[in-house]
*Asks:* 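Provided herewith is a single structure, encoded as structure tokens, for subsequent inquiry.
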Amino acid sequence: MIKAITGTKDILPSEISKWYLLENTVKNIFSNYNYKEIRTPVFEETLLFSRSIGEGTDIVGKEMYTFSDRSETSITLKPEMTAGVVRAFIEHSLGKQQPLNKLFYISPMFRQERPQAGRLRQFHQFGGEALGSSSMLLDAELIHIAYEILRNLGLKDVRVKINSLGVPSSRENYKNILRKYLADKKNKLSEESRKRLDSNILRLFDSKIESDQEILRNAPLLIDYIDDESKKDFEQVKEFLGKLNVPFETDPALVRGLDYYTKTTFEIVSGKVGSQSALVGGGRYDLLAEQLGGDPTPGVGFAAGIERILLACENEGTLNQHDEKIDLYIVKLDKDLTSELLDLALNFRRKNISVDFDYLNRSVKAQMREANKLNARYVLFLGGEEYKSGSVNLKNMKTGDQKLFALKDFSEMVKIISQ
RNA sequence: GUGAGUAUAGCUCAGUUGGUUAGAGCACCAGGUUGUGGCCCUGGGGGUCAAGGGUUCAAAUCCCUUUACUCACCCCA
């Protein structure tokens with residue numbers, strides 16, 4: 001049997017209503033803030049990602065789906081959206097048409113990791129990006145939007161964490177200070193952490209090992225060493241978040257993995273989804289556009305994992321399936337009324353009434369069971385005695401009441417069913 | 001890439017220290033007097049017990065290999 005590729009999932013009809021609900025919430029809230037949807041291709045030139053996300057990151061180093069097409073161009077399935085959005089922004093000179101572009105997206109992403117709870121190889125994200133302003137209003141606004149969406153989906157067990165990474169020069173400076181602090185404690189660190197000393201020293205703070213945490217307890221913190229402007233901006237983000245009534249906590253250990261982040265970084269975590277607890281991650285990337293060959297353009301954005309959010313919703317018991325309903329089920333009492341059935345169904349459907357009927361030549365009882373299973377609001381019986389005199393019975397499935405209608409009073413039936 | 005666990009019907013799971021034709025609930029299908037659902041009742045279909053090998057008179061059950069899935073590490077949404 002051919003099965004779906006490891007780490008990919010079919011979204012079946014039985015669960016699609018939750019996706020619709022989430023997507024509609026996302027679209028509604030973003031449009032309330034005047035963000036416009038952008039769609040970019042699922043694949044891009046590999047160079048785009050290695051340049052923006054960073055050669056040293058795990059995403060670029062070992063998680064990308066990369067292949068050559070027939071013209072020997074190296075292609076990569078997008079592992080995240082920001083790079084593609086900024087590429088499109090530059091390519092179409094969006095910044096020259098208006099100074100600020102507020103964009104959002106909903107899209108599949110691809111990363112070749114070992115699947116586990118809340119982690120897939122093809123997964124889906126929605127997110128927002130604001131390009132063209134260094135105002136912290138936007139940092140706060142995007143955090144607010146993400147928070148609003150999660151709250152609107154009924155999530156309660158979520159925490160907003162924020163931090164600032166400063167600008168690259170102050171960050172490099174801090175890294176040296178941290179290295180000095182750790183110099184004589186190196187051999188006490190775990191093996192994993194020692195590796196990170198060279199690869200990504202900031203990540204040390206993520207260590208789940210107690211002895212590492214002990215060593216880091218008195219370590220200098222990045223937030224104390226970032227440049228003055230970044231500090232001031234960070235204070236502003238906090239102030240705006242307060243004004244917007246978003247509860248948050250500052251987390252000096254919050255380091256985001258992608259190279260392009262500057263200043264604000266943030267995460268929204270859930271206590272209900274297992275080990276992969278980050279529902280939302282984002283931050284500011286003031287240098288990215290320039291790095292990708294565009295005019296210098298400040299930007300800020302976030303990405304949210306849809307599967308993780310749906311998992312959180314499930315575990316918090318929110319987003320309960322509302323019953324799928326159909327307006328009308330037509331039961332055929334005689335076998336040979338197919339053409340009349342088709343006419344009738346078409347006329348109702350053109351009045352925006354959803355109609356289904358039996359395709360399997362089943363008994364009236366079986367048709368009724370089907371109507372009930374489909375949650376049909378009304379059943380119309382086509383055929384039999386009353387049909388000879390040009391009328392049909394219309395049954396209200398909730399009350400069980402049944403009423404005879406002349407077929408020429410079609411609009412009467414429409415009126416009743418449409419209520 | 002590393003580690004642990006799991007694999008029996010479409011789904012959720014029973015299956016005793018190895019012992020006849022492998023079970024239940026749900027789902028599905030058909031009936032329960034002419035042309036009417038839900039509840040209930042009766043019946044039915046559906047399994048290479050993940051695959052391959054081994055031990056044994058006898059394997060879903062014990063052993064080995066492989067595969068898949070799950071969770072965790074790493075990292076991230």
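A note on names: the letters A, B, ... follow the listed sequences, proteins ahead of strands, and every chain is numbered from 1. Remember, it's a predicted structure, so these values are computed and weren't measured experimentally.
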*Asks:* For the side chain of A:Glu113, starting at C-beta, report the closest nucleotide among B:C75, B:U36, B:A30.
*Replies:* B:C75
*Asks:* Where the side chain of A:Gln116 is defined as all heavy atoms beyond and including C-beta, which of B:A72, B:C69, B:A77 is the nearest nucleotide?
*Replies:* B:A72
*Asks:* Give A:Ala278 one of three labels, base, sugar-phosphate or nothing, depending on what nucleic acid heavy atoms sit under 4.0 Å from its own.
*Replies:* sugar-phosphate
*Asks:* Within the structure shown, what part of the strands sits under 4.0 Å from A:Lys9 by heavy-atom distance: base, sugar-phosphate, or nothing?
*Replies:* sugar-phosphate
*Asks:* Base, sugar-phosphate or nothing for A:Gln112? Non-hydrogen atoms, less than 4.0 Å.
*Replies:* nothing
*Asks:* Ring-plane angle category for A:His144 and A:Tyr33, please: parallel below 30°, perpendicular beyond 60°, tilted otherwise.
*Replies:* perpendicular
*Asks:* If we call it a pair only when both distances are under 3.5 Å in a Watson-Crick or G-U wobble match, what pairs with B:U33?
*Replies:* none
*Asks:* Pairing check on B:U20: which nucleotide meets the Watson-Crick or G-U wobble criteria with it, both distances under 3.5 Å?
*Replies:* none
*Asks:* Choose from B:C40, B:U36, B:A77 the nucleotide whose nearest atom is closest to any side-chain atom of A:Arg369.
*Replies:* B:C40
*Asks:* Does the side-chain ring of A:Phe381 lie flat on the base of B:G35, meaning centres under 5.5 Å and planes less than 30 degrees apart?
*Replies:* no
*Asks:* Between A:Ala376 and A:Ala366, just flag the one whose closest nucleotide in RNA chain B comes earlier from the 5' side.
*Replies:* A:Ala366
*Asks:* Quick check on side-chain contact (heavy atoms from CB on, under 4.5 Å): which of A:Leu77, A:Thr46, A:Thr73, A:Thr76 does A:Phe67 satisfy it with?
*Replies:* A:Leu77
*Asks:* Classify the angle between the aromatic ring planes of A:Phe302 and A:Phe30 as parallel (below 30°), tilted (30 to 60°) or perpendicular (above 60°).
*Replies:* parallel
*Asks:* In terms of side-chain heavy atoms of A:Pro115, which of B:U70, B:C28, B:G37 is nearest?
*Replies:* B:U70
*Asks:* Reckon A:Arg114 touches a base, only the sugar-phosphate, or nothing at all at heavy-atom distances under 4.0 Å?
*Replies:* base
*Asks:* Measure from NZ or CZ of A:Lys408 to the centre of the six-membered ring of A:Phe410 and say whether it is under 6.0 Å with the direction within 45° of the ring axis.
*Replies:* no
*Asks:* Which of these nucleotides, B:C75, B:C40, B:C76, is closest to any side-chain atom of A:Arg308?
*Replies:* B:C76
*Asks:* In the strands shown, is B:A50 matched to any nucleotide by a Watson-Crick or G-U wobble pair with both distances under 3.5 Å, and which?
*Replies:* B:U66
*Asks:* What does B:G1 pair with, Watson-Crick or G-U, if both distances are under 3.5 Å?
*Replies:* B:C73
*Asks:* Which base sits across from B:G10 as a Watson-Crick or G-U pair, both distances under 3.5 Å?
*Replies:* B:C26
*Asks:* Between B:C74, B:U70, B:G35, which nucleotide has the shortest distance from any of its atoms to the side chain of A:Leu333?
*Replies:* B:G35
*Asks:* If you only use heavy atoms from C-beta on, which nucleotide in B:G35, B:G38, B:C29 is closest to the side chain of A:Val364?
*Replies:* B:G35
*Asks:* Any strand is fair game: report the nucleotide pairing with B:C39 by Watson-Crick or G-U wobble, both distances under 3.5 Å, or none.
*Replies:* none
*Asks:* Which nucleotide in the list B:G35, B:C74, B:U36 gets nearest to the side chain of A:Gln402?
*Replies:* B:U36
